[in-house]
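Just below is one structure, and these are the notes that go with it.
Within every chain, numbering begins at 1; the chains are lettered A, B, ... in the order of the sequence lines, protein sequences first and strands thereafter.
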Amino acid sequence: MKSLKASTNITKTIIYVVCIFLAILSVFPFLVMFINATRSTFQIQQDSVSLLPSKYLASNWAVFKGKSFNPVVGFVNSMLSSGGATLCAVYFSSLTAYALVAYSWKLRQPFFTFILAVLMIPAQVTGIGFYQFMYRIGWTNSLLPLIFPAIASPSMVFFMRQYLMATLSLDIVNSARIDGAGEFYTFNRIILPIMKPAMATQAIFTFVFSWNSLFIPLILLTNSKKYTMPIMVSLLRGDIYKTEYGAVYLGLSLTVLPLFVIYFLLSKYIIAGVALGALKE
Amino acid sequence: MRNKGVNYAKYGYIFSIPFVLTFLIFSLYPTIFTAVIGFTDLRGMGRTEFNFLKQPFDNFVLILNNPTFRKSLGTTAIIWLMNFIPQILLSLLLTAWFTTRRFKIRGQGAFKVLLYMPNIITAATIAILFNSLFGYPKGPVNDLFMRFGWLDAPANFHMQKWTARGVVAFIQFWMWYGNSMIVLIAGVLGIDPTLFEAAEIDGATSTQIFFKITLPRLKTILLYVLITSMIGGLQMFDIPRLFLWGGPDSATLTASLFIYNQAFSGSYLYNRAAAASMIMFLIIVVLSAALFHLMRDKDEAKFRKAERLRIRNAKKQGELV
């Protein structure tokens, strides 16, 4: 018994060491990034890892002036497109899920099977057709093609359906009907509030996914006034910043900062959401 | 309700209209359009008119015989494997550690939050950040490795084929193992706890419990992780594009990046890119079919099968009578 306890303690020590190492591995690149954002290019060239911030934040920021990297423009565009996409996805996925759960109609089961079938079809491999389509109707250099397709989000419909199946009692719907509420009114005023927890989790994921997406924005947006954050970031890889290490780190930091804020405020829900996404029963 | 003559079924259709219309316009139509473009001569900047090819499969034949495309498929597979094997092993190990009751690891919540974190950061940002971190001759990684004495002279990670691939695979691994871990832990927590209790009472060691109870019960979730990772890995684009633009010497040129380069970086070969996309699309459809098979409601399918059988038998009997 004693030896078992000793071996357990050794194993536990190993576990903590590995976990702490992995945690450092997660944080360290961002730490280097934030600190180097405050250091001058010369300091970074002398010694690229430092645990002490320096005082060159303002001069690094000044490098962006007059150049194509404009974090404010990228931030606003990303906010608009990700915010719009999230609203569309959350509202219409809830509506579609409600249609699947609350009403019995002939095509209900085939429609659900269809949603399952297209769950994983990615936008990326149909990008050529999407680009040509958007080019023809003049929607390139517009944020609209980043927003409207979110109305049809199969995976969110799937998730919302599972949630509604577990929480919705049709008695509520029936009593609303007796009170004379229309179906659409019932959905907006009674069902949506019930779905709030599920909507919040799904909203976070849609927002972050949309904020981070690069491929579709990259092929559609060529006007730098319309660039979203990831395209803005990709400019930092260009030649004009080759020798401006401090500025590159600052630019990267600015794009990460909003995500860090979201993540550390909502990490509890995000982790729970990831776990939930995998449980299909 | 019924006697009032209100037919609620129609609302099922009405409420599904936005989804269906959006899907048809923004998803199905571009898919068909991509397939169609694959059979045409559509190329050149700003062109929209096209003719069908006399030999309809020309683009597909050309693409399948294109050594760069073939190599890019291989590269995609290699980088995915280099990321997935360590990823699944580490996430399984962490799952075993975090769910073994004997260990009672403290701070699990904090570890989960930190290990998952890289997953929500913009991949584009991470690619450029790692490009700087692995800088040559001065860069944080080179500096650290030399300080620890792991390297005698700075290594040029960007210029060597295998170090470049290794870094791309490492980034993917680093961004995704936390996600896999959380999914797997959720899977373990879903297993009936009495199974573990029974095994403990019977004197099973935690290793035995993990291999004989936990792993077999995780089969579905492991498959889910595998297939979703494959589908995601096939489309690997942001990191290889921004880390080294597919270099050095196409060592990190993935299939998605190849398609992008065909259509959008100078050559405007929309037809070839569309043909290559369709080949990828078919691979993804096969993988999705496997996932669909995995995720369908098994009980419901069984029930419906029984129902069909019952109706068929009833009909047969009717015929006999």
Identify the two heavy atoms, one from A:Ser26 and one from B:Met117, that lie closest to each other, and give their separation to 0.1 Å. O-CE, 3.4 Å
Heaviest contributor of heavy-atom pairs below 4.5 Å to chain B, chosen from A:Gln124, A:Met134, A:Gln45, is A:Gln124
Quick check on the interface: out of B:Ile105, B:Leu133, B:Ile231, who has the most heavy-atom pairs with chain A under 4.5 Å? B:Ile105
Donor-acceptor pairs under 3.5 Å, side chain of residues 118-131 of chain B to any protein atom, not counting sequence neighbours: which ones?
{"from": "B:Asn119", "atom 1": "OD1", "to": "B:Tyr116", "atom 2": "OH", "distance (Å)": "3.2"}
{"from": "B:Asn119", "atom 1": "ND2", "to": "B:Met175", "atom 2": "O", "distance (Å)": "2.8"}
{"from": "B:Thr122", "atom 1": "OG1", "to": "A:Asn212", "atom 2": "OD1", "distance (Å)": "2.7"}
{"from": "B:Thr125", "atom 1": "OG1", "to": "A:Thr255", "atom 2": "OG1", "distance (Å)": "3.0"}
{"from": "B:Asn131", "atom 1": "ND2", "to": "B:Phe243", "atom 2": "O", "distance (Å)": "2.6"}

May I ask you to decide if B:Arg47's main-chain N or O and A:Tyr135's side chain share a donor-acceptor pair within less than 3.5 Å? no
Taking side chain as C-beta onward, heavy atoms only, is A:Val248 less than 4.5 Å from B:Ser132? yes
Which bit of B:Leu42 comes within less than 4.5 Å of chain A, counting heavy atoms only: side chain, backbone, both or neither? side chain
Check whether more than 12 heavy atoms from other residues, nucleotides or ligands sit under 6.0 Å from atom CZ of A:Phe34, and answer yes or no. yes
Which bit of A:Phe92 is near chain B, if near means a heavy-atom gap under 4.5 Å: side chain, backbone, both or neither? side chain
Measure A:Ile20 against the heavy atoms of chain B and call it side chain, backbone, both or neither at under 4.5 Å. both
Answer yes or no: are there more than 12 heavy-atom neighbours, outside A:Phe209 itself, under 6.0 Å from its atom CZ? no
Option that, when pairs with chain A are counted at under 4.5 Å, heavy atom only, ranks first among B:Ala263, B:Ser288, B:Ser27: B:Ser288
Whatever's closer than 4.5 Å to a heavy atom in chain B on A:Ile262 counts as neither
Please identify, among A:Tyr98, A:Phe28, A:Phe111, the residue contributing the most non-hydrogen atom pairs under 4.5 Å to chain B. A:Phe111
Under 4.5 Å, heavy atom to heavy atom, which residues of residues 13-22 of chain B contact chain A? B:Tyr13, B:Phe15, B:Ser16, B:Pro18, B:Phe19, B:Val20, B:Thr22
Under 4.5 Å from a heavy atom of chain B, the part of A:Phe184 involved: both
Validation row: A:Phe130, B:Phe26 side chains within 4.5 angstrom (heavy atoms): yes
Which bit of A:Val157 comes within less than 4.5 Å of chain B, counting heavy atoms only: side chain, backbone, both or neither? side chain
So CD1 of A:Ile15 and OG1 of B:Thr100: to nearest 0.5 Å the spacing works out to 7.0 Å
Measure the NZ-NZ distance between B:Lys112 and A:Lys268 for me, rounded to the nearest 0.5 Å. 13.0 Å
Toward chain B, the part of A:Leu119 with a non-hydrogen atom under 4.5 Å: side chain
On a heavy-atom basis, which atom in A:Ala99 and which in B:Gly12 lie closest, and how many Å separate them? CB-O, 3.5 Å
State the CG-OH distance between A:Leu25 and B:Tyr177, to the nearest 0.5 angstrom. 6.0 Å
Do B:Phe237 and A:Phe215 have their ring centres less than 6.0 Å from each other? yes
Minimum heavy-atom distance A:Ala275-B:Ile182, with the two atoms named: N-CG2, 3.8 Å
Looking only at heavy atoms, which two atoms of A:Gly129 and B:Thr34 are closest? And how far apart? N-OG1, 2.9 Å
What is the distance from atom CZ of B:Arg147 to atom CG of A:Asp47, rounded to the nearest 0.5 Å? 5.0 Å
For the residue pair A:Ser234 and B:Leu242, what are the closest heavy atoms and their distance? CB-CD2, 3.4 Å
Contacting moiety of A:Glu183, where chain B heavy atoms sit under 4.5 Å: both
Atom of B:Phe23, atom of A:Phe114 and distance for their closest heavy-atom approach: CE2-CZ, 3.2 Å
Start with the C-alpha distance between A:Tyr131 and B:Phe264, add both sets of side-chain angles, then the distance that settles ring pair (Phe, Tyr, Trp, His ring centres under 6.0 Å), and finish with yes or no. CA-CA 10 Å; A:Tyr131 170 78; B:Phe264 301 104; 5.0 Å; yes
Who wins among A:Val18, A:Ile24, A:Asn36, A:Leu100 for the most heavy-atom pairs under 4.5 Å with chain B? A:Val18
What part of B:Leu24 is in contact with chain A, defined as an atom under 4.5 angstrom from a non-hydrogen atom: side chain, backbone, both or neither? neither
Could you tell me the separation between the CD1 atom of A:Ile128 and the CD1 atom of B:Ile37, rounded to the nearest 0.5 Å? 7.5 Å
Sort out for me which of A:Leu107, A:Ile44, A:Ile115, A:Ile270 touches chain B most, counting heavy-atom pairs under 4.5 Å. A:Leu107
Are any non-hydrogen side-chain atoms of A:Pro122 and B:Ile284 less than 4.5 angstrom apart? yes
Test salt bridge (Lys or Arg N to Asp or Glu O under 4.0 Å) applied to B:Lys138 - qualifying residues, sequence neighbours left out: B:Asp143
Not counting sequence neighbours, which residues clear side chain to side chain donor-acceptor pair (under 3.5 Å) with A:Gln43? List them please. A:Ser54
Working to the nearest 0.5 angstrom, can you tell me the gap between A:Thr11 OG1 and B:Phe103 CZ? 4.5 Å
Please rank A:Ile231, A:Leu218, A:Val256 by heavy-atom pairs under 4.5 Å with chain B and give me the top one. A:Leu218
Interface moiety of A:Pro145 toward chain B, non-hydrogen atoms closer than 4.5 Å: neither
If you take the centroid of each ring, where Trp contributes its six-membered ring, are B:Trp174 and A:Phe30 closer together than 6.0 Å? yes
Among B:Arg241, B:Arg106, B:Met280, which residue has the highest count of heavy-atom pairs closer than 4.5 Å to chain A? B:Arg106
Between A:Thr126 and B:Phe33, is any pair of side-chain heavy atoms under 4.5 Å apart? no
Chain B contact via A:Met229 - side chain, backbone, both or neither, heavy atoms under 4.5 Å: neither
Checked A:Val101, A:Val118, A:Ile219 vs chain B; the most non-hydrogen pairs under 4.5 Å come from A:Ile219
